[in-house]
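Single-structure report; data block below.
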2 protein chains.
Amino acid sequence: MNTILSNLKIQVNEKIYVKDPETSPLGKKIVEQSIFLIDEIGFDNFTFKKLGEKIGSNESSIYRYFENKHKLLVYLSSWYWSWMEYKLVFATTNIVDPTEKLSKAITIVTEKVTDDTNTEHINEAILNKIIIAEFTKTVQTKEVDQENKEGFFLIYKRVINRIVGIVKEVNPEYPFAKSLVSTIVEGSLHQHFLTEHLKTITDCNESVSTTEFYLNLAKNVLR
Amino acid sequence: MNTILSNLKIQVNEKIYVKDPETSPLGKKIVEQSIFLIDEIGFDNFTFKKLGEKIGSNESSIYRYFENKHKLLVYLSSWYWSWMEYKLVFATTNIVDPTEKLSKAITIVTEKVTDDTNTEHINEAILNKIIIAEFTKTVQTKEVDQENKEGFFLIYKRVINRIVGIVKEVNPEYPFAKSLVSTIVEGSLHQHFLTEHLKTITDCNESVSTTEFYLNLAKNVLR
DNA sequence: CAAATATAATAGTATTACTATCAACTATGA
DNA sequence: TCATAGTTGATAGTAATACTATTATATTTG
């Protein structure tokens, strides 16, 4: 996986950006540093002006890459889920036993992320923290239907449906495969959030535990 | 329940408001109409100025009740979960069989809400729509730890832990009761959202189905 | 009726979320 | 190597947001 990812470019829907940030040093810096700044001050307090100051660049230059901060967050999310899809595919390819395949998939998608050193300008561990704290904000807007039509959430839906396929291999009779998987994926982000901030309503306390909970859940539901 | 609720006042943590909106006609109007306006234009586009125009009142008057729009949303959420707790308690009291009790509880908490005509100025059906679309925004902020300390989310956590108690009656051996319940409660809001906006990653399509999915899930996990 | 309280109207500030313009610098290719 | 296209930076400006402060006017209560 290592060598392959370093040659592969994560593809993000062109409609999300004004200019592809991967095509210039400034673009890469915007992406790289926005991850740190959003993690640091939170998306709600994040502005292009502050990011400009952080990277020693002008606010107006950032607008040449992203229409607004919402689009930047959608970009980061798309990148994340696209990267997640690679991890998923590589972890499950050539595994014949559906149950084992599903376990690997659930593990990939629910465990805490460590930095993938193959992508130079993106720190996946921090990006994962952002996804945990802010991902629902990319979807939960009044513009969701419009943006869904434009394909902003395709990658996310593809990740879900890839796992749905595995669930159906494990148990073709189970009638709620899609809801189960979307519950696991979204729910694991939520459990990670609770582990950090509202500990009294979760049993998860370290990275492995959230995964354990969902592995156990899936096993019980699909047996 | 009807007669009792019409006499009971839903209690909301005093730190959430500047002045209790239940104590004046203007306060009630602010709460009543904010629900309609947030539903209509979304929380992100909602401002006190727009609300003032809608209710024929001045922006500055609204600030005398709520510090900012975030606090107003926290107020609406607290009200909602408090009301949900009443429904829960009344639906499960005097039921001896834990399994039946849990089924009632899961049904209450996952089903689509219809207006409760006993509360004059609050339309619960619309409020439920707001909770589905915006609830995570009340929690997912940089101030979550501070606000949690001040007790802003106590009611929500109490609802979760009340159901956790029932889960433990059903199966005292199950090691993830808290995570299961928080997954169900938060997850059902998410499934309702997907049903409306991202239909390709959910199996739920009408009110009953989300409940069915989670009843089935809980049954399989706890047997 | 007086005093206290609630509300409305107006004004003002700092920040946000942009857009527009123009100058400077950089890379390319003829 | 020069011309030119494209990128970035600097500055300015606008409308909206998120408030705070002040004063006037109603309304309630004792």
Side-chain angles (χ1 to χ4, degrees), chain A residues 14-34 37-38 40-76 121 134 137-138 141-143 146-147 152, chain B residues 14-34 37-38 40-76 121 134 137-138 141-143 146-147 152:
Chain A
E14 290 188 0
K15 287 180 188 160
I16 294 170
Y17 48 74
V18 180
K19 181 186 165 168
D20 187 351
E22 290 289 329
T23 60
S24 78
L26 179 63
K28 285 177 185 170
K29 213 169 163 189
I30 288 170
V31 170
E32 177 186 32
Q33 296 298 317
S34 69
L37 189 54
I38 292 171
E40 195 183 316
I41 64 177
F43 184 68
D44 296 341
N45 303 313
F46 172 87
T47 67
F48 280 180
K49 197 173 179 195
K50 289 175 187 168
L51 179 59
E53 277 158 26
K54 193 183 177 84
I55 65 179
S57 239
N58 201 271
E59 196 189 355
S60 58
S61 303
I62 302 169
Y63 278 104
R64 283 193 202 97
Y65 286 85
F66 296 101
E67 235 176 282
N68 51 49
K69 71 174 185 171
H70 168 72
K71 290 275 180 76
L72 171 56
L73 186 60
V74 173
Y75 178 89
L76 295 176
H121 61 295
E134 323 282 4
K137 293 175 192 169
T138 64
T141 69
K142 268 284 156 182
E143 296 76 35
Q146 171 69 24
E147 297 190 345
F152 286 19
Chain B
E14 291 188 359
K15 287 179 187 161
I16 293 169
Y17 47 74
V18 180
K19 181 185 165 170
D20 186 352
E22 290 289 328
T23 60
S24 78
L26 179 62
K28 285 178 187 171
K29 214 168 161 189
I30 288 170
V31 170
E32 177 186 31
Q33 296 298 317
S34 69
L37 189 54
I38 291 172
E40 195 184 315
I41 64 177
F43 184 68
D44 296 341
N45 303 312
F46 172 87
T47 68
F48 280 179
K49 197 172 179 194
K50 288 175 187 170
L51 179 60
E53 277 158 27
K54 191 182 178 86
I55 65 178
S57 242
N58 201 272
E59 196 189 355
S60 57
S61 303
I62 302 168
Y63 277 104
R64 276 192 212 94
Y65 288 85
F66 297 100
E67 235 175 282
N68 50 50
K69 71 174 186 172
H70 168 71
K71 289 277 180 76
L72 171 56
L73 187 60
V74 172
Y75 178 89
L76 295 176
H121 61 293
E134 324 281 4
K137 294 176 191 168
T138 65
T141 69
K142 268 283 157 182
E143 295 76 34
Q146 171 69 24
E147 297 190 345
F152 286 19

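Each chain gets a letter, A, B and so on, in the order its sequence line appears, and its residues count up from 1. Here the structure is a predicted model, which means the values were calculated and not measured.
B:N45 and A:E143 make their closest contact through ND2-OE2, 4.1 Å (heavy atoms, listed as atom of the first residue, atom of the second, distance). Closest heavy-atom contact between A:Y65 and A:P21: CD2-CA, 3.7 Å. Counting all heavy atoms, side chain and backbone alike, A:K19 lies closest to A:S24 at NZ-CB, 4.5 Å.
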Detail all sub-3.5 Å separations between protein N/O atoms and N/O atoms belonging to nucleotides 24-30 of chain D.
none

With 3.5 Å as the limit, what N/O pairs link the protein to nucleotides 8-10 of chain D?
| residue | atom | partner | partner atom | Å |
| --- | --- | --- | --- | --- |
| D:dT8 | OP1 | A:Y65 | OH | 3.2 |
| D:dT8 | OP2 | A:Y65 | OH | 2.8 |
| D:dG9 | OP1 | A:S57 | OG | 3.2 |
| D:dG9 | OP2 | A:S57 | OG | 2.6 |
| D:dG9 | OP2 | A:S61 | OG | 3.0 |
| D:dG9 | O6 | A:R64 | NH2 | 3.0 |

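Looking at residues two or more places apart in sequence or on another chain, you find a salt bridge (charged side-chain N to carboxylate O under 4.0 Å, His left out) between A:K71 and A:E67. B:F48 pairs by the ring pair (Phe, Tyr, Trp, His ring centres under 6.0 Å) definition with B:Y63, not counting sequence neighbours. In this structure, the ring pair (Phe, Tyr, Trp, His ring centres under 6.0 Å) partners of A:F66, at least two apart in sequence or on a different chain, are A:Y75. Considering only residues two or more places apart in sequence or on other chains, A:K137 meets the side chain to side chain donor-acceptor pair (under 3.5 Å) condition with A:E134. Judged as a ring pair (Phe, Tyr, Trp, His ring centres under 6.0 Å), and not counting sequence neighbours, A:F152 has no contacts. Residues passing the side chain to side chain donor-acceptor pair (under 3.5 Å) test with B:D44: none are found, sequence neighbours excluded. Partners of B:Q33 under the side chain to side chain donor-acceptor pair (under 3.5 Å) rule, at least two apart in sequence or in another chain, do not exist in this structure.
For residues 40-55 of chain A, proximity to DNA chain D is found at no residue, defined as any non-hydrogen atom under 4.0 angstrom from a strand atom.
Distance check: A:I62 CD1 to A:I55 CD1 gives 4.5 Å after rounding to the nearest 0.5 Å.
In this structure, B:Y63 places its OH atom 17 Å from P of D:dT22, rounding to the nearest Å. Atom CG in B:L72 sits about 12 Å away from atom P in D:dC19, given to the nearest Å. One atom, NZ of B:K69, and another, P of D:dT17, lie 9 Å apart when rounded to the nearest Å. Regarding B:E59, its CD atom lies at a distance of 9 Å from the C1' atom of D:dT17, rounded to whole Å.
Looking at heavy atoms from C-beta onward, A:Q146 lies out of side-chain contact with A:T141 at the 4.5 angstrom threshold.
For the side-chain hydrogen bond (donor to acceptor under 3.5 Å, both in side chains) condition, the pairs that include at least one residue of residues 48-58 of chain B, sequence neighbours left out, are B:E40-B:K54, B:N58-B:S60.
Here A:E67 lies in heavy-atom contact (under 4.0 Å) with sugar-phosphate atoms only.
Mapping heavy-atom proximity under 4.0 Å, the span of DNA chain C touched by chain B runs 5' to 3' from C:dA6 to C:dT10.
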